[in-house]
Q: 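Please find one structure pasted underneath; my questions will follow.
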Amino acid sequence: MLDRLIEFAQFFFVTGDPLIYGAMVSIALATIAILFVLTYFKKWGWLWKNWLTTVDHKKVGIMYILASILMLFRGGVDALMMRAQIALPDIHFLHPEHYNQVFTTHGTIMILFMAMPLMFGLFNIAVPLQIGARDVAFPFLNALSFWLFFMGAMLFNLSFIIGGSPDAGWLSYPPLSELSHSPGVGQNFYIWGIQISGIGSLATGINFIVTIIKMRAPGMTWMKMPMFTWSVFASCVIIIFAFPILTVTLALLFLDRFGGGHFFTLDLGGNPMMYINLIWMWGHPEVYIVVLPAFGIYSDVISTFAKKRLFGYKSMVFAMLIISVLSFFTWAHHFFTMGSGADVNAFFAISTMAIAIPTGVKVFNWLFTMYRGKLSFPTPMMWAIAFIPNFLIAGLTGVMLAVAPADFQFHNSYFLIAHFHSALIGGVVFGYFAGLYYWWPKMFGFTLPENLGKWAFWFWNIGFYVCFLPQYSLGLMGMTRRISTYGWDTGWAPLNFVSTIGAFLMGIAFLFQVAQIGVGIKNYRKLKASGDPWDARTLEWSIPSPAPEYNFATIPQVTDRDDWWEEKERRKQGIYKEEQPIEPIHMPKNSAIPFIMSVCWFVAGFGFVFGWLIFIIPGLLGVAACMIARSFYSYDADYYIPVDEVKRTEAAIRGGSV
Ligand code: HEA
Ligand code: HEM
Ligand SMILES: [Cu+2]
């Protein structure tokens, strides 16, 4: 036992780095503060009952969003530390080893623990409401997905404090990620953090596909579905085919590291190229997993604020489905330079370029939707419009990268870094921000203050161009990715300095957003939103903001695409649908199992990271116990809300009128 403690202490105080001690102290202080506040205001019961054990999709969505904002902060601090380090030559703020850790955690966190959960948050907030459903198909599984993501993310983040962070890049290529080259525990944190949250992502994919197929309101045929819901469907189709590949790849890497396997080693029959193929078979589709829902948001937001039907609805749907299929045939464009040969490279170059066609269709459709529309520009619309030029740059430089011979020059240079940040920030993050501002009133019942939102918008946008445009030139000037410093003789200093200024402008933009939320909460009474604050088109706006726990008192009967808009038009002409009688509403009960089971996974994962059976065994036993409890002893998992109570709630929120 004593050796274990000493071993633990060694891991704990692995380095004398002041940044790590600083982080430890701040995390400890923040934890104490949270515990104190919860105890002082007697909020433990509230937390447990309303949040930790909830299975309500709206609350699960809010928890995803909160966690992802926290992760955006962590990933953003990483980004600023890197940009500070390379702002000028010969800076000694981060050691080279530390720089490696920071870009690895930044990339992994931003994609897997920021973009994915923010996306899942928006799925949860909007999809059931858009299709006129009372929840997702499997609410229990939905809560489990969230907690698995959360515990996976926490495990990954723990590496910063205990044992050391991973440092082999966000995709952890072997041989660098093998035991021979990375004997520390950082890679184990990477594997287990992603595995645990990955199970959650796969389950979410399945959950939303079933929800969209089975739970649409009567009358909502496929071609009447809101575009965001379509994009979620397309994204989830990619998830269910791509995430199992990630799971298997990381499991094999784990066997290499723990079980003396040789799947990806350089000797005994292994081959690192196998890993590189597999990880990109997930990694490339992953970028479309995150961007398609952003496309869906742009479609809904642009048609709402242009007061027009989306132009080319059917072509939008097919473009998305084509992108989701094509996304599985382009993975090798990430290693044109790794010896595939001319024929293979030509195949993947052409399939990659082919994606420009459906994407172009979408871009033109958005422009045509705005053409001659009655445009207004509240913050969601501003993000949607800013996206178009940003994404055009990202897409066109993507097509340049897809030219295999040219990629021998661009590959792993700052040109690539600029390409993917343009796509990920200008495309994905901006899209999710548009969605967040758009659905905020539906989530919380008040709109965010617009003036601070506009400040945030301009800082993000200007910062974005100032940060990433110079990087295209830096790439062409020969600056490669993942270097922690360079010499004055390179001539890269001025552009890097400008780029760092841009990064800090985006940091300020984030602070504006935090302030905006703070001011919004303070003035929420003044900013109170009606059920339909944007005069929007789809069903989620037909019910009060925030929606009651059962969403729809009676399930809507859909007759049109943009059904709520058409309904409003009909009402203007005095035509009202027949009121449906309210019936008792069937609801799922809260459950503590998703939370407890995920905590057990966390404990087991922690044990696997260090190879400590005293954590692995109880953790896995706990997981098994939760499964048994759910399978054999959870008969009492649902209840009915009686008609009277529904009527009372409706009357209270609507104040007697609609
Ligand atoms: C959301 C994220 C996202 C998105 C949407 C894209 C979209 C695209 N990407 Fe990108 N890409 C990444 C994220 C993304 N990428 C990441 C993270 C990496 C690097 C990872 C790493 O190495 O760590 C990467 C790397 C990467 C490479 C590897 C380069 C290398 O390693 O050397 C290539 C090469 O082909 C490429 C190509 C493309 C193409 C062709 C598109 C297309 O989908 C773009 C299509 C869009 C348009 C073209 C614009 C709109 C179209 C029109 C207006 C019509 C008219 C246009 C034409 C006819 C051209 N990307
Ligand atoms: C806030 C603005 C951001 C800035 C200033 C920034 C900056 C950086 C920097 C400096 C690097 C390392 C480059 C290198 O040395 O190779 C990097 C890498 C990366 N970033 Fe960002 N970033 C930002 C936002 C994002 C977002 C939002 C995402 C994803 C959604 C993201 C995903 C990545 C990825 C995947 C890598 C590659 C990591 C690796 O090489 O393993 N970044 N970023
Ligand atoms: Cu790709």
Side-chain angles (χ1 to χ4, degrees), residues 72 75-76 78-86 99-100 102-112 114-116 118 166-173 280 283-292 294-295 323 326-327 330-337 348-349 351-364 367 388 391-404 406-417 419-429 431-432 460 463-464 467-468 471 479-484 499-500 502-507 509-510:
L72 178 62
D78 280 349
L80 294 185
M81 292 199 319
M82 286 187 286
R83 283 299 339 158
Q85 167 63 29
I86 50 177
Y99 188 87
N100 292 348
V102 177
F103 69 66
T104 303
T105 52
H106 163 79
T108 314
I109 287 180
M110 283 297 203
I111 299 223
L112 287 158
M114 188 285 286
M116 291 289 281
L118 188 49
D167 57 2
W170 77 285
L171 289 181
S172 252
Y173 281 7
W280 281 117
H284 182 80
E286 167 65 15
V287 305
Y288 293 102
I289 291 175
V290 289
V291 90
L292 289 182
F295 288 173
I323 294 176
L326 281 180
S327 73
T330 67
W331 79 88
H333 67 209
H334 291 279
F335 42 94
F336 281 144
T337 57
F348 283 98
S351 60
T352 304
M353 291 172 193
I355 296 195
I357 301 168
T359 319
V361 167
K362 299 190 72 72
V363 171
F364 287 111
L367 295 178
I388 292 177
F391 194 72
L392 207 61
I393 300 176
L396 296 181
T397 52
V399 176
M400 290 169 71
L401 289 166
V403 180
D407 187 58
F408 278 71
Q409 182 66 30
F410 300 137
H411 183 58
N412 280 353
S413 74
Y414 261 75
F415 191 90
L416 169 78
I417 299 275
H419 155 71
F420 73 68
H421 281 95
S422 305
L424 287 166
I425 299 181
V428 175
V429 175
Y432 296 173
W460 263 109
F464 167 79
C467 183
F468 294 108
Q471 293 185 6
M479 181 166 172
T480 48
R481 73 192 290 188
R482 297 176 177 166
I483 51 169
S484 66
S499 176
T500 299
F504 278 87
L505 292 179
M506 286 187 274
F510 180 75

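All values below come from the heavy atoms of this structure, side chains included, with hydrogens, waters and symmetry mates left out. Whatever order the structure lists them in is the order used to number ligands and atoms, beginning at 1. This structure is a prediction, so every number in the text was calculated from the model and none was measured.
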Q: Out of Y288, F391, F364, F408, whose heavy atom sits nearest atom 41 (C) of ligand 1?
A: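 Answer by nearest heavy atom: Y288.
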Q: Among protein heavy atoms, which sits nearest to atom 12 (C) of ligand 1, and what does the distance come to when rounded to 0.1 Å?
A: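 For atom 12 (C) of ligand 1, the nearest protein heavy atom is F420 CB, 3.4 Å.
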Q: Considering only heavy atoms, which of L416, T337, V287 lies nearest to atom 14 (C) of ligand 1?
A: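 Comparing heavy atoms across L416, T337, V287, the nearest one to atom 14 (C) of ligand 1 lies in V287.
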Q: Measure from atom 34 (C) of ligand 2 to every heavy atom in F420, Y173, F504, W460 and give the option owning the shortest one.
A: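 Comparing heavy atoms across F420, Y173, F504, W460, the nearest one to atom 34 (C) of ligand 2 lies in F420.
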Q: Give yes if a backbone or side-chain nitrogen or oxygen of H106 is under 3.5 Å from a nitrogen or oxygen of ligand 2, and no if not.
A: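 Yes - when backbone and side-chain N and O of H106 are compared with those of ligand 2, one distance drops under 3.5 Å.
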Q: Which is closest to atom 30 (C) of ligand 1 in terms of heavy atoms, H284, M400, H411?
A: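 When every heavy atom of H284, M400, H411 is considered, H411 comes closest to atom 30 (C) of ligand 1.
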Q: Quick test: of every protein heavy atom, which one is nearest to atom 3 (C) of ligand 1, and how far off is it to 0.1 Å?
A: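 Going by distance alone, atom 3 (C) of ligand 1 is nearest to A423 CB, 3.4 Å.
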Q: Using a plain distance cutoff, I'd like to know if T352 has any nitrogen or oxygen under 3.5 Å from a nitrogen or oxygen of ligand 1.
A: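 Such a contact does not occur with ligand 1.
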Q: Measuring from atom 23 (O) of ligand 1, which candidate in R481, H334, H421 has the nearest non-hydrogen atom?
A: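 Answer by nearest heavy atom: R481.
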Q: I'd like the name of whichever of V363, I388, V429, I355 reaches closest to atom 50 (C) of ligand 1 through any heavy atom.
A: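 Looking at heavy atoms only, V363 sits closest to atom 50 (C) of ligand 1.
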Q: Between atom 10 (Fe) of ligand 1 and H333, is there an N, O or S atom separated by less than 2.8 Å?
A: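 It does not; every qualifying atom lies at 2.8 Å or beyond.
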Q: Checking the N or O distance criterion of under 3.5 Å, is ligand 1 in contact with W170?
A: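 In this structure, W170 places an N or O atom under 3.5 Å from an N or O of ligand 1.
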Q: I need the contact type for I417 against ligand 2. Using non-hydrogen atoms and a strict under-4.0 Å cut-off, is it side chain, backbone, both or neither?
A: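 The side chain, only.
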Q: Mind checking whether F103 has a heavy atom under 4.0 Å from ligand 1?
A: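 Heavy atoms of F103 never come under 4.0 Å of ligand 1.
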Q: What count do you get for protein N/O/S atoms less than 2.8 Å from the Cu ion (ligand 3)?
A: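 Counting protein N, O and S atoms closer than 2.8 Å to the Cu ion (ligand 3) gives 3.
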Q: Among all protein non-hydrogen atoms, which one is nearest to atom 54 (C) of ligand 1, and what is the separation to 0.1 Å?
A: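 Looking at atom 54 (C) of ligand 1, the protein heavy atom closest to it is G360 CA, 3.5 Å.
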Q: Any N or O on W280 sitting closer than 3.5 Å to an N or O of ligand 1?
A: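 Such a contact does not occur with ligand 1.
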Q: Compute the shortest N/O to N/O distance between D407 and ligand 1 and return yes if it is under 3.5 Å, no if not.
A: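 Yes, since at least one N or O of D407 sits under 3.5 Å from an N or O of ligand 1.
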Q: Which of the atoms in ligand 2, numbered in the order shown and given with their element, are less than 4.0 Å from a heavy-atom of A503?
A: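 Every atom of ligand 2 under 4.0 Å from some heavy atom of A503: 5 (C).
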Q: For G395, counting its heavy atoms only, list the atoms of ligand 1 lying under 4.0 Å from any of them.
A: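 Those atoms are 44 (C), 46 (C), 47 (C), 48 (C), 49 (C).
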Q: Of the listed options (R482, M110, M82), which comes nearest to atom 29 (C) of ligand 2 when hydrogens are ignored and any heavy atom counts?
A: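 Among R482, M110, M82, the closest heavy atom to atom 29 (C) of ligand 2 comes from M110.
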Q: Determine whether the side chain, the backbone, both or neither of L72 has a heavy atom under 4.0 Å from any heavy atom of ligand 2.
A: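 No part of L72 comes within reach of ligand 2.
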Q: For atom 35 (O) of ligand 1, grab the closest protein heavy atom and report residue, atom and distance to one decimal in Å.
A: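 Nearest neighbour among protein heavy atoms for atom 35 (O) of ligand 1, to 0.1 Å: A402 CA, 3.1 Å.
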